[in-house]
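Below is one structure; the comments refer to it alone.
Position 1 is the first residue of the sequence; numbering continues from there.
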Amino acid sequence: MISRFPTPEGPAWLYVEARRPAPDTYVITVAGDLDRHSRDRLDDSVRTVPAGRPATVLVELSGTVFMDSSGLTSLINAYRAALRTGTRFPSSLPPSRSAGSWR
């Protein structure tokens, strides 16, 4: 689902898709701007992880264009929730991404 959010800088967009490609794996794909205006979409998707607690929840971030500290906070909170239940929580970034490229 693509959501557009009004921001002082203009409309921002975020695409979030949650799917279960295997019984023990849940994948959340995120693309666009993950910031204070859109982080609730990611938070909502994380909350929909099935009660059966899959062994792995993968957050696929390769389409993420921008992420601010509130987007990072959402990821950290999701990671901590996964730790409490024993769920693996890797994230996926393209090889060209580094800490310096999140602007």
Trace of the side-chain contact (heavy atoms from CB on, under 4.5 Å) decision for Met67 with Leu72: CA-CA 7 Å; Met67 182 188 309; Leu72 184 58; 4.1 Å; yes
So, taking the atom named [atom1] in [X] and the one named [atom2] in [Y], what distance separates them when rounded to the nearest 0.5 Å?
X	Y	atom1	atom2	answer
Leu75	Arg80	CG	CZ	12.0 Å
Tyr15	Thr29	OH	OG1	6.5 Å
Ile28	Glu17	CD1	CD	10.5 Å
Asp68	His37	CG	NE2	8.0 Å
Leu14	Asp40	CG	CG	10.5 Å

Between [Y] and [X], do the side chains contain a donor N or O and an acceptor N or O under 3.5 Å apart?
X	Y	value
Thr48	Tyr26	yes
Arg88	Thr56	yes
Ser74	Asn77	no

Closest approach of [X] to [Y] (non-hydrogen atoms, all atoms of both residues):
X	Y	answer
Phe89	Ala82	CB-CB, 3.8 Å
Leu42	Val16	N-CG2, 4.4 Å
Asp24	Pro54	O-CB, 3.5 Å

Would you check if the side chain of [X] reaches a backbone N or O of [Y] as a donor-acceptor pair within less than 3.5 Å?
X	Y	result
Thr73	Ser69	yes
Thr64	Gly32	no
Glu60	Ser62	yes

Arg39 bridged to Asp43 by N-O distance under 4.0 Å: yes
What I want to find out is whether Arg41 reaches Asp44 closely enough, with some N-O distance under 4.0 Å, to be called a salt bridge.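 Result for this pair is no, no salt bridge flagged.
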